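Taking it in order: structure first as structure tokens, then the write-up.
Computed over heavy atoms, backbone and side chain alike; hydrogens, waters and symmetry mates excluded. For clarity, every value in this text was computed on a predicted model and none was experimentally measured. Within every chain, numbering begins at 1; the chains are lettered A, B, ... in the order of the sequence lines, protein sequences first and strands thereafter.
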Amino acid sequence: MSNNEVRVRFAPSPTGALHIGGGHTALFNWLWARHTGGKFILRIEDTDLVRSTKEYEQTIMSGMTWFGLDWDEGPDKGGDYGPYRQSERLDIYRKYANKLLDEGKAYKDGDAIIFKVEPGLDISFDDIVYGKINVMSDGLKEQNSDKLKDIVIIKSDGMPTYNYAVVIDDALMHISHVIRGEDHISNTPKQILIYRALGFDVPQFAHLPMILGKDKKKLSKRHGATSVYEYRDMGYMPDSVFNFLALLGWSAEDHEIFTRAEAAELFELKRVTRKPAVFDPDKLNYINQEHLKRLEPMVRLSMIKPFWEAMNLPVASHDDKWLADALTLMAGRGQTAKEMAEFSDYFVSFEPVKARWDGKDISEDRRPSLKEFFNAVLSEPEWTHEKLEERARAWVEEHGVKMKDYAMPLRFALTGMKVSPGVFEVAVHLGRDEVKRRLEFYNLI
RNA sequence: GGUCCCAUCGUCCAGAGGCCUAGGACACAGCCCUUUCAAGGCUGCGACGCGGGUUCGAACCCCGCUGGGACCGCCA
């Protein structure tokens, strides 16, 4: 069973949606497989009968797909080493447990089967990330006792335990590198004991640093959004979450913003760091903004559209190219797709503008002057933002007033916001008729 | 209580004995640009936890301390 093909796996238990920590682990496995040209395997660890569900299994798979992590073998794809669902491998676990029983390496306790831990064994291992980890079997004590703790391998309900099933599966699936969270370091020596008892080759281990919340505690629900879907719904793009998570515990030489392909090319397991990393939402925002800026206009539109639709805006009544160009005008504004959608709603419809601003704060005595200004600007025959601005500047200079005092009312009439791209660019994109319509509505023309 | 792991700016990473008066990014502050807000440009703030060694020389090696964390389930 030894060629040097890299085979790695992500083995979630379907007891919840794919969360950030799991996504991080899956991501590093995927990176290593793609970097080496090896195989990435998805295995479902559903031996916890009460908590595992098919729905969660599905959710995890679609979470990975959203993320852009494709697997080569798995419950839905098959492969040469299936089944890929632990609940379908019960006979296999039973078979090896019986072997252990026959050889006197395990014993029964009721319906359970327990693996006997012998004292004095060196169960140290070399971790690709953490280096040499020294452990003796004598250290595997029961809590508050000097008694050695044997390892349950088959539970009373007939299901295998994690520490046992993971060994059988990784060995039989020819996993070359076990890449998982650092919280598994202390499980590793126990698993090594089982590999040895069964005569299996021990794979290479690479443990990944934990992801912590702002309070430096292991990331959990308390820290807010933890499932990858929550990030999708908040308007983060998969490429951004991928990029951000890849940077937790690893760094690509000189650039921080990269694509999946670039990351896969640059990735090195040996360069993974050991220190637990704090999840910093500010950095995620920044990375998402960078990716948003780099998108092709039509692709960007496809990211924003769902959010506009969710806001009940008449997206279909506009040309895609026109909408995409509107978003290009938004350049750099908004850190998430959701924000960008919200900040640009006035392009799609006049309704949200009216809802935000009623124009009442423009006093009657200011209107004549504003009307004069708007009419002057609108009289410009060449409908380009350069020309409009030129005309506007000439007008304010001639009247000895400040551009700001005239640009802001225009901005409000067109967008209903105090913030937007350059007003003249917005005006040009909306079109002369639409600009007139909006100004007329506010009785400013 | 036991075993194991970790320790560079607030955060994420560079740094694998001299290139470090410690570098980049995010965040933060200021300035520039400017019709607004962003973006962009520039500047600033800001760290090798402590104590011992080893060495001509230590952020990097060793020991101790302190501080974090993980695990010790018939959960995974």
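Between B:rA38, B:rG15, B:rU11, one nucleotide has an atom nearer to the side chain of A:Gln289 than all others, and that is B:rA38. You'll find that the side chain of A:Ser186 is closest to B:rC71, out of B:rC71, B:rA27, B:rU35. Distances from the side chain of A:Ile185 to the nucleotides B:rU35, B:rC74, B:rC4 place B:rC4 closest. Comparing B:rA70, B:rA76, B:rU36 by their nearest atom to the side chain of A:Val419 picks out B:rU36. Nearest to the side-chain atoms of A:Val135 among the listed nucleotides B:rU3, B:rG73, B:rC12 stands B:rU3. Side chain of A:Thr161, nearest nucleotide from B:rU11, B:rA76, B:rU35: B:rA76. Listed candidates were B:rC71, B:rC5, B:rA14. Nearest to the side chain of A:Ile133 is B:rC5. Comparing B:rG24, B:rU35, B:rA76 by their nearest atom to the side chain of A:Asn187 picks out B:rA76. Taking only side-chain atoms of A:Thr273, from C-beta outward, the nucleotide of B:rA14, B:rA25, B:rC37 with the closest atom is B:rA14. If you check B:rA76, B:rA70, B:rC13 against the side chain of A:Ser251, the one that comes closest is B:rC13.
A donor-acceptor pair shorter than 3.5 Å can be found between the side chains of A:Asp150 and A:Tyr107. Between the side chains of A:Arg85 and A:Thr47, no donor-acceptor pair of N or O atoms lies under 3.5 Å. Side-chain atoms of A:Tyr162 and A:Glu45 form no donor-acceptor pair, as typed in the model, at a separation below 3.5 Å.
Here the separation of B:rC5 from B:rA58, taken at their P atoms, is 27 Å to the nearest Å. Rounded to whole Å, the separation between the C1' atoms of B:rC26 and B:rC9 comes to 12 Å. B:rC72 and B:rA25 have their P atoms separated by 41 Å, given to the nearest Å. Distance check on atom C1': B:rG68 versus B:rU8 gives 16 Å, rounded to whole Å. Remark: the separation of the C1' atoms in B:rC48 and B:rA59 is 5 Å, to the nearest Å. To the nearest whole angstrom, the two P atoms, one in B:rU35 and one in B:rG46, are 35 Å apart. Annotation: B:rA22 and B:rC50 have their P atoms spaced 16 Å apart (nearest Å). A gap of 16 Å separates the P atoms of B:rA29 and B:rC45, to the nearest Å.
OP1 and OP2 of B:rG69 both lie 4.0 Å or more from every side-chain N or O belonging to A:Lys275. A:Lys217 has a side-chain polar atom (N or O) that falls below the 4.0 Å cut-off from OP1 or OP2 of B:rG69. Between A:Arg274 and B:rC13 there is no side-chain polar atom (N or O) within less than 4.0 angstrom of OP1 or OP2. Listed pair A:Lys190 / B:rC72 fails the phosphate criterion, with no side-chain N or O lying under 4.0 Å from OP1 or OP2. Close to B:rA76, at under 4.0 Å from its OP1 or OP2, lies no side-chain N or O of A:Tyr162.
Note on A:Ala277: only backbone sugar-phosphate atoms sit closer than 4.0 angstrom, heavy atoms only; bases stay farther off. Heavy atoms of A:Pro421 sit under 4.0 angstrom from at least one base atom. Using a 4.0 Å heavy-atom distance criterion, A:Lys216 is classed as a sugar-phosphate-only contact. Using a 4.0 Å heavy-atom distance criterion, A:Lys214 is classed as making no nucleic acid contact. Using a 4.0 Å heavy-atom distance criterion, A:Gly249 is classed as a sugar-phosphate-only contact. Within 4.0 Å of A:His207, counting heavy atoms only, lies no atom of the nucleic acid at all. The residue A:Lys149 sits close only to the backbone: its heavy atoms come under 4.0 Å of sugar-phosphate atoms, none of a base. Residue A:Arg271 is classed as a sugar-phosphate contact, given heavy-atom separations below 4.0 Å to backbone atoms only. A:Glu256 comes within 4.0 angstrom of a nucleotide base, judged by non-hydrogen atoms across all strands. The residue A:Thr47 sits close only to the backbone: its heavy atoms come under 4.0 Å of sugar-phosphate atoms, none of a base. A:Phe424 comes within 4.0 angstrom of a nucleotide base, judged by non-hydrogen atoms across all strands. Within 4.0 Å (heavy atoms only), A:Ser13 reaches sugar-phosphate atoms of the nucleic acid but no base atom. A:Val423 comes within 4.0 angstrom of a base, heavy atoms only.
Summarising the base pairing, B:rC42 is matched to B:rG30 through a Watson-Crick or G-U wobble pair whose two defining distances lie under 3.5 Å. Pair assignment for B:rG57 gives none, since no Watson-Crick or G-U wobble pairing has each distance under 3.5 Å. The pairing partner recorded for B:rC9 is none, the criterion being a Watson-Crick or G-U wobble arrangement whose two distances lie under 3.5 angstrom. For B:rA14, there is no paired nucleotide, since no Watson-Crick or G-U wobble pair has both relevant distances below 3.5 Å. Pairing for B:rU35 is absent, judged as Watson-Crick or G-U wobble with the two contacts each under 3.5 Å. Across all strands shown, B:rG1 pairs with B:rC72; the Watson-Crick or G-U wobble distances both stay below 3.5 Å. Summarising the base pairing, B:rG64 is matched to B:rC50 through a Watson-Crick or G-U wobble pair whose two defining distances lie under 3.5 Å.
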**OP:** Kindly determine whether A:His291 and A:Asn243 satisfy side-chain hydrogen bond (donor to acceptor under 3.5 Å, both in side chains), including the steps that lead there.
**Re:** CA-CA 9 Å; A:His291 279 272; A:Asn243 192 155; 2.8 Å; yes
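Under a 4.0 Å N-O distance rule, the pair A:Asp170/A:Arg43 qualifies as a salt bridge. Residues A:Lys293 and A:Glu290 are paired through a salt bridge, judged by an N-O separation under 4.0 Å between the basic side chain and the carboxylate.
Along RNA chain B, the nucleotide closest to A:Asp215 and the one closest to A:Glu389 are compared, and the more 5′ of them pairs with A:Glu389. Each of A:Gly139 and A:Asp183 was matched to the nucleotide of RNA chain B holding its nearest heavy atom; the match closer to the 5' end belongs to A:Gly139.
In this structure, CG of A:Asn288 is placed 14 Å from C1' of B:rC26, rounded to the nearest angstrom. Distance, A:Phe244 CZ to B:rA25 P: 18 Å, rounded to whole Å. Distance A:Glu182 CD to B:rA70 P: 8 Å, rounded to the nearest Å. Rounded to a whole Å, the NZ atom of A:Lys283 is 13 Å from the C1' atom of B:rG10.
Exactly one residue among A:Arg260, A:Arg294, A:Arg300 makes a salt bridge (Lys or Arg N to Asp or Glu O under 4.0 Å) with A:Asp239. That residue is A:Arg260. For the side chain to side chain contact (heavy atoms under 4.5 Å, CB included) with A:Leu42, the lone residue among A:Met64, A:Arg9, A:Glu57 that qualifies is A:Met64.
Within the 4.5 Å cutoff, the side chain of A:Met136 has no heavy atoms near those of the A:Ile123 side chain.
Within a 6.0 Å radius of OH in A:Tyr56, other residues, nucleotides and ligands contribute 12 heavy atoms or fewer.
Below the 3.5 angstrom threshold, one finds a donor paired with an acceptor across the side chain of A:Ser156 and the base of B:rC74.
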